[in-house]
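Below is one structure; the comments refer to it alone.
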Amino acid sequence: MQKTGDEYFDSKEFRDILAQYEESAKSDHPIFMDADDLTDIADYYNFTGNAEKADQIIDMALELHPGAVSPLVFKAREALQNEDIEKAKDYADQIIDKDDPDYVYTIAEIMVAQDQIEEADTYLRRYASTIPPDEYDNFAADVTNLYVDYGVNDKAYEWGMRITDTSTAEFKEIIGRVMFAIGDFKESGRLFNELIDQDPYSKNYWNALASSQFMEEDYHAAVSSSEYAIAIDPNDADSLLTKANGLYRLNNFQEALKYYRRYNELEPLDEFGELHQGICLMNLNRNEEALEHLQKALEISTSSKEYLFQIYQEMAFVYSALKQPEKALQCIDGTDQLDCDHIDMLVLRGHILMENDRTDEALDFFREAIIQSRNAPAIMLRIIVSMFDNKYLATCYAMFRNFFHSVDDDFNDGYAYMALCCWQLQKTKEFLKYLKEAVRRNPKETKSTLAHLFPPEMEVKDYYEYMYNRFNDLKK
């Protein structure tokens, strides 16, 4: 039996039940087991990636126990995952014991899946009034998890705050999930740190902490936490992906590539890993290899459209770098029917044409983007950055000067790019001027654009003073 990181599945109690089932299956003399144990075994196989075997066990459970709650709940939730509401309702209707809490959760989940949030909440609160006080916390915890799973974060927070015993590990884990869901990553990380103090060998806690740190943009810490999870389970896909993402954000593309590869070995049908292998290779100037992975990501994405836009965009960049602009433009054509910013795609067309020395055509697309966006500052900025990327530094500098005169004072983007432009044009005084503005207005953009000019561990707030002193030292 493989380690799962799930407390119950890794317990001796469950291992004994699973061993009993597997021994009976090998002997062709299946023993009689109750519906809950069989459903737990099916959940285990589902959790470990053997959905077919899980379904076989659930079918067996229903043959032995028609109308039993747990196998029918399993079937109903499986139907919900497949977005088959009517089938889910049918399975729920077959449950004999309509007073069982799991039946109640399932009916509520069906309502939530249909976006009937208030109806579901009224139903759950009505049922909660019938629960004995000593069972209330468990009920509130299960409802909280239901809402977190469906992204109904306000309701998740409300029900989480109804749990009375706040000292338990279960409470801290649930509230940690809720805090993450509502965007309080600092508090989420604090709670998972406390849980790690109690159980330092839980890969789930380390992964949750790493995710909170990643969302706080503390990528070094996220990588470190994911390494603890990997040490506990070297083949945990979530841990490998978190480390890969952290390394990617740190621009350590060579190491990130290794971990995206390891992740895809475990999850070969996940286009996210293939896409990011392609992006890493592109950043390493290994464009032919990058294209192979992006094409594979495109093939996989036929069943999931989530990353299709980004795949087409990155393929366009690769083909452009390979001096194949027509293929690059064909990739952008692939976004025409997607739900994305099509004015941005006009800018990208212009960028690719300019990169391939087709300047007049590029300018036509830039003009069209400006017209369609009605001079939107964000589009103007993208065009100027494209000019910068294509080494039109003097033009870029002049455009930036006009740009900052035309935008409202509360528009805070672009100053870091202007600082970099001045740096490359050796306009020291203006570089310092725009660096100071960039640090004040947009630290995130400043770090992503200018970090290569500074010591790796330096905080953005110290960038201006560092450069000011550096230039003054040179004058002495």
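- Using the six-membered ring where Trp is involved, Y136 and W159 have ring planes that are parallel, under 30° apart on the 30 and 60° scheme.
- Contacts of F454 classified as ring pair (Phe, Tyr, Trp, His ring centres under 6.0 Å), with partners at least two apart in sequence or in another chain: Y463, Y466.
- Sequence neighbours left out, the pairs with a member in residues 164-183 that pass salt bridge (charged side-chain N to carboxylate O under 4.0 Å, His left out) are D149-R177, K172-E194.
- At a threshold of 4.5 Å between non-hydrogen side-chain atoms, the residues Y248 and Y260 count as touching.
- No side-chain heavy atom of N287 sits less than 4.5 Å from a side-chain heavy atom of L281.
- Annotation: ring pair (Phe, Tyr, Trp, His ring centres under 6.0 Å) contacts involving residues 361-392, sequence neighbours excluded, are absent.
- For the pairing with I117, the side chain to side chain contact (heavy atoms under 4.5 Å, CB included) check across D154, V112, T122 returns one residue only, V112.
- By the 6.0 Å contact criterion, CD on Q198 is enclosed, its count of non-hydrogen atoms from other residues, nucleotides or ligands being greater than 12.
- Remark: the Y105 side chain and the D142 side chain contain an N/O donor-acceptor pair separated by less than 3.5 Å.
- For the residue pair S225/Q213, the side-chain donor-acceptor check at 3.5 Å is satisfied.
- Here the side chain of N469 pairs a donor or acceptor atom with the backbone of E465 at under 3.5 angstrom.
- Under 3.5 Å, the side chains of Y147 and D121 contain a donor-acceptor pair of N or O atoms.
- Note on E437 versus R440: salt bridge recorded, some NZ/NE/NH1/NH2 to OD/OE distance being below 4.0 Å.
- Among residues at least two apart or in separate chains, salt bridge (charged side-chain N to carboxylate O under 4.0 Å, His left out) pairs with a member in residues 418-430 are R401-E430.
- Within the structure, every pair that satisfies the side chain to side chain donor-acceptor pair (under 3.5 Å) test and touches residues 443-457, not counting sequence neighbours, is listed here: E217-K444.
- Between M387 and M354 the shortest side-chain heavy-atom distance falls below 4.5 Å.
- Between S239 and I230 the shortest heavy-atom distance is CB-CG1, 3.5 Å.
- For the salt bridge (charged side-chain N to carboxylate O under 4.0 Å, His left out) condition, the pairs that include at least one residue of residues 251-262, sequence neighbours left out, are E255-K258.
- Within the structure, salt bridge (charged side-chain N to carboxylate O under 4.0 Å, His left out) contacts touching residues 335-352 (residues at least two apart or in different chains) are D333-R349, D336-R349, D344-R382.
- Remark: K155 engages E118 in a salt bridge, criterion side-chain N to carboxylate O under 4.0 Å.
- Nearest heavy-atom pair, L266 versus N235, reported as atom, atom and distance to 0.1 Å: CD1-O, 3.2 Å.
- Between the side chains of N356 and S320, at least one donor N or O lies within less than 3.5 Å of an accepting N or O.
- Side chain of N264 to main chain of E274: a donor-acceptor pair is present (N/O by atom type, distance under 3.5 Å, no hydrogens or angles).
- Defined by atom type and a distance below 3.5 Å, a donor-acceptor pair is present between the side-chain atoms of D236 and N207.
- The minimum heavy-atom distance between Y263 and G273, with the atom names listed, is CD2-CA, 4.2 Å.
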(request) Using the salt bridge (Lys or Arg N to Asp or Glu O under 4.0 Å) rule, take D184 and R190 through it: C-alpha gap first, then chi angles, then the decisive distance, then the call. (result) CA-CA 10 Å; D184 191 344; R190 185 189 70 77; over 6 Å; no

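- A side-chain donor-acceptor contact under 3.5 Å links W206 to the backbone of P200.
- In this view, F403 and F411 satisfy the ring pair (Phe, Tyr, Trp, His ring centres under 6.0 Å) rule, not counting sequence neighbours.
- A 4.5 Å side-chain heavy-atom check between N245 and Y259 finds every atom pair outside the cut-off.
- In terms of modelled atom types and a separation under 3.5 Å, the side chain of S212 and the main chain of A208 share a donor-acceptor contact.
- Not one N or O on the side chain of H351 forms a donor-acceptor pair closer than 3.5 Å with the backbone of V347.
- Put simply, the side chain of N153 does not reach to within 4.5 Å of the side chain of V178, judged on heavy atoms.
- Counted by atom type alone, D413 and N442 present one or more donor-acceptor pairs between their side chains at under 3.5 Å.
- For A141 against I163, the heavy-atom pair with the smallest separation is CA-CD1, 3.9 Å.
- In this structure, the side chain of T335 does not engage the main chain of L338 through any donor-acceptor pair within 3.5 Å.
- For S224 (side chain) and H220 (main-chain N/O), no donor-acceptor pair under 3.5 Å exists by modelled atom type.
- Applying the side chain to side chain donor-acceptor pair (under 3.5 Å) rule to pairs touching residues 77-86 yields R77-E109, sequence neighbours excluded.
- Using a distance-only test at 3.5 Å, with no hydrogens or angles considered, a donor-acceptor pair links the side chain of D137 to the main chain of T164.
- Ring-centre distance between Y8 and Y44: not below the 6.0 Å cut-off.
- Applying the ring pair (Phe, Tyr, Trp, His ring centres under 6.0 Å) rule to pairs touching residues 412-433 yields F404-Y415, W423-F431, sequence neighbours excluded.
- Among residues two or more places apart in sequence or in another chain, the side chain to side chain donor-acceptor pair (under 3.5 Å) test is passed with E361 by R358.
- Nearest approach of C396 to C421, heavy atoms of both residues: SG-SG, 4.0 Å.
- In this structure S226 satisfies the side chain to side chain donor-acceptor pair (under 3.5 Å) test with no other residue, sequence neighbours excluded.
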